[in-house]
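See below for the structure under consideration.
Nothing fancy with the numbering, it's 1 onward along the sequence.
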Amino acid sequence: MSASPSATAVHQSSFTRGQLNGILFVALFAAAVTELAALPAIAGLGLSPLIVGIAAGAVYGNTLHGGMPESWAAGIHFSARKLLRIAVAFFGLRVSLQEIAQVGLPGLTVSVSIVVSTLLIGAWAGMKLMKLDRDTAILTAAGSAICGAAAVLAFESTLQSKPHKSAMAVGSVVLFGTLSMFLYPVLYRAGWLPLDTLGAGLFFGGTIHEVAQVVGAAANVSPEAMHIATIVKMTRVMLLAPVLLMLGVWLNRKARGDGTRRARKIAVPWFALGFLALAVVNSLHILPAPAAQTVNTLDTFALTMAMTALGIETRISQIREAGPRALATGLIIYVWLIGGGLAITWVVERVLG
């Protein structure tokens with residue numbers, strides 16, 4: 001016997017209330033994370049609220065998760081999935097075509113070369129050398145190649161992978177991105193990086209994982225190098241949308257080729273199209289600067305909510321088996337970013353600089 005309409009309505013109302021409570025819980029958690037990330041000791045390490053969010057969420061999810069009502073899980077899942085896609089789309093407001101034009105062909109060439117090569121080498125090293133599953137290998141490569149945790153989130157949504165796989169990829173971003181922020185300036189000042197100010201900006205912006213880490217590292221060289229590095233980094237961010245589009249097409253072709261013909265709700269990730277559209281909006285200066293800044297602040301908070309929810313859903317027991325192999329993949333990618341990235345920068349600077 002089917003449930004009566006009144007019983008169904010009560011169940012739906014209970015589900016909606018639980019989902020809203022879960023979203024509110026994540027929002028309050030993310031607000032606390034944002035305050036924590038603003039502390040000088042945390043901010044000085046170049047750790048963005050996104051990184052702090054997944055770490056704090058994982059601690060909660062693996063220690064105190066049992067105290068949360070089960071009905072709130074829907075809100076956690078919503079924050080880690082649907083809210084994430086909206087936030088990634090609005091990330092496009094941080095990029096403009098004018099900024100990319102400032103570094104010209106050298107900056108664009110370095111960005112495209114490093115993003116493409118890192119994705120290919122990272123995916124190959126993860127799957128073939130470290131025997132990782134496809135999703136973990138791609139997520140780890142994406143976080144290193146494009147824009148750190150934000151790229152991991154975007155790829156996780158397109159791949160429809162498990163939360164613990166994203167957590168492993170973010171762990172690689174945290175470890176090697178933070179290391180870069182301190183190591184690169186030391187190598188530059190010691191004369192081990194044969195680059196001038198333009199080259200340093202291209203190299204730092206082209207190979208360091210997170211935006212905050214790029215700014216922190218390049219600021220120790222010079223204001224000009226920091227400006228160039230930031231623009232090159234945002235050019236890499238701009239490549240997120242076309243790479244996601246190509247990934248979506250590849251996944252669908254692979255599904256058909258495998259004979260699964262598994263239908264996806266979106267053959268092409270709509271949030272990637274939204275990212276591109278909002279980048280164009282930002283380039284046209286349609287939004288007043290204060291409004292754009294407000295939207296970017298809210299977007300950072302939404303991304304922090306998504307990362308916090310992702311951390312809550314992550315279980316340490318799920319990542320123990322692949323953890324060392326994922327970090328080894330991140331190390332291989334990091335060695336490539338330093339050696340291969342330096343070679344690419346050196347050649348581009350002399351040919352196009």
Side-chain angles (χ1 to χ4, degrees), residues 50-51 54-55 58 88 111-180 206-210 213 236-237 239-240 242-255 257-258 260 269 272 307 310-311 313-344:
L50 279 68
I51 302 299
I54 193 171
V88 169
S111 295
V112 172
S113 300
I114 290 176
V115 166
V116 172
S117 62
T118 303
L119 284 171
L120 294 176
I121 291 172
W124 175 82
M127 290 187 287
K128 300 299 183 181
L129 296 182
M130 294 295 111
K131 306 302 180 183
L132 289 173
D133 63 274
R134 183 198 67 184
D135 289 358
T136 302
I138 292 177
L139 289 169
T140 303
S144 301
I146 304 178
C147 52
V152 174
L153 283 173
F155 273 67
E156 185 264 350
S157 183
T158 300
L159 290 167
Q160 300 177 6
S161 59
K162 301 297 182 182
H164 70 276
K165 297 179 181 180
S166 297
M168 286 188 287
V170 171
S172 175
V173 168
V174 172
L175 176 60
F176 297 110
T178 302
L179 178 61
S180 295
T207 61
I208 298 179
H209 301 63
E210 291 271 349
Q213 294 164 348
R236 285 168 67 195
V237 175
L239 294 173
L240 176 63
V243 170
L244 283 175
L245 295 177
M246 289 186 287
L247 177 64
V249 172
W250 178 74
L251 289 174
N252 278 282
R253 286 182 177 177
K254 183 170 176 49
D258 292 341
T260 58
M307 289 295 280
L310 181 67
E313 290 187 335
T314 298
R315 296 294 174 268
I316 298 300
S317 59
Q318 294 176 305
I319 67 177
R320 285 175 181 166
E321 180 181 353
R325 289 180 287 132
L327 284 178
T329 301
L331 177 60
I332 293 171
I333 296 172
Y334 188 54
V335 171
W336 161 252
L337 285 172
I338 295 177
L342 184 60
I344 290 172

Discussion item. If I take atom CE from residue M168 and atom CG from residue L132, how far apart are they, to the nearest 0.5 angstrom?
Written reply: 7.0 Å

Worksheet item: Step by step, would you call M307 with V170 a side chain to side chain contact (heavy atoms under 4.5 Å, CB included)?
Response: CA-CA 10 Å; M307 289 295 280; V170 171; 3.7 Å; yes

Worksheet item: Partners of A125 by side chain to side chain contact (heavy atoms under 4.5 Å, CB included), sequence neighbours excluded?
Response: L129, I332

Worksheet, complete the sentence: Value for CD1 (I338) from CG (L179), rounded to nearest 0.5 Å, stands at 7.0 Å

Worksheet, complete the sentence: Sequence neighbours excluded, the answer for side chain to side chain contact (heavy atoms under 4.5 Å, CB included) partners of L331 is F176, V335

Worksheet item: What closest approach, in Å, do G143 and V152 show between heavy atoms, and which atom pair accounts for it?
Response: CA-CG2, 3.7 Å

Worksheet item: Between A328 and M130, which heavy-atom pair has the shortest distance, and what is it?
Response: CB-SD, 3.4 Å

Practice prompt. Not counting sequence neighbours, which residues clear side-chain hydrogen bond (donor to acceptor under 3.5 Å, both in side chains) with S111? List them please.
Written response: none

Practice prompt. Calculate, to the nearest 0.5 Å, the distance between atoms CG and CD1 belonging to L240 and I146 respectively.
Written response: 5.0 Å

Practice prompt. Look up atom OG1 in T329 and atom CE in M127, then write down how far apart they are to the nearest 0.5 Å.
Written response: 10.0 Å

Worksheet item: What residues, two or more places apart in sequence or in another chain, satisfy side-chain hydrogen bond (donor to acceptor under 3.5 Å, both in side chains) together with T207?
Response: Y184

Worksheet entry | Side-chain donor/acceptor of S117 to backbone N/O of I114, under 3.5 Å | yes

Response to the item:
With sequence neighbours left out, the residues meeting side-chain hydrogen bond (donor to acceptor under 3.5 Å, both in side chains) with S172 are none

Worksheet item: Between L175 and Y334, is any pair of side-chain heavy atoms under 4.5 Å apart?
Response: no

Response to the item:
Nearest heavy-atom approach of S180 to I208 is CB-CG1, 4.0 Å

Response to the item:
To the nearest 0.5 Å, atom OG1 of T140 lies from atom CG of L119 at 11.5 Å

Worksheet entry | side chain to side chain contact (heavy atoms under 4.5 Å, CB included) partners for S161, two or more places apart | D135, L139, E156, L159, K165, S166

Worksheet entry | Closest heavy-atom pair and its distance - Q213, G177 | OE1-CA, 3.2 Å

Worksheet item: Once you round to the nearest 0.5 Å, how far does CD of Q160 lie from CZ of F155?
Response: 14.5 Å

Practice prompt. Report yes if some heavy atom in the side chain of I333 is under 4.5 Å from a heavy atom in the side chain of L337; otherwise report no.
Written response: yes

Discussion item. Within the structure provided, determine whether L251 and R134 are in side-chain contact (heavy-atom separation under 4.5 Å).
Written reply: yes

Worksheet entry | Residue pair A137 / A123: nearest heavy atoms and the distance that separates them | CB-O, 4.0 Å

Worksheet item: Can any side-chain N or O of R236 pair as donor or acceptor with the backbone N or O of A145 at less than 3.5 Å?
Response: yes

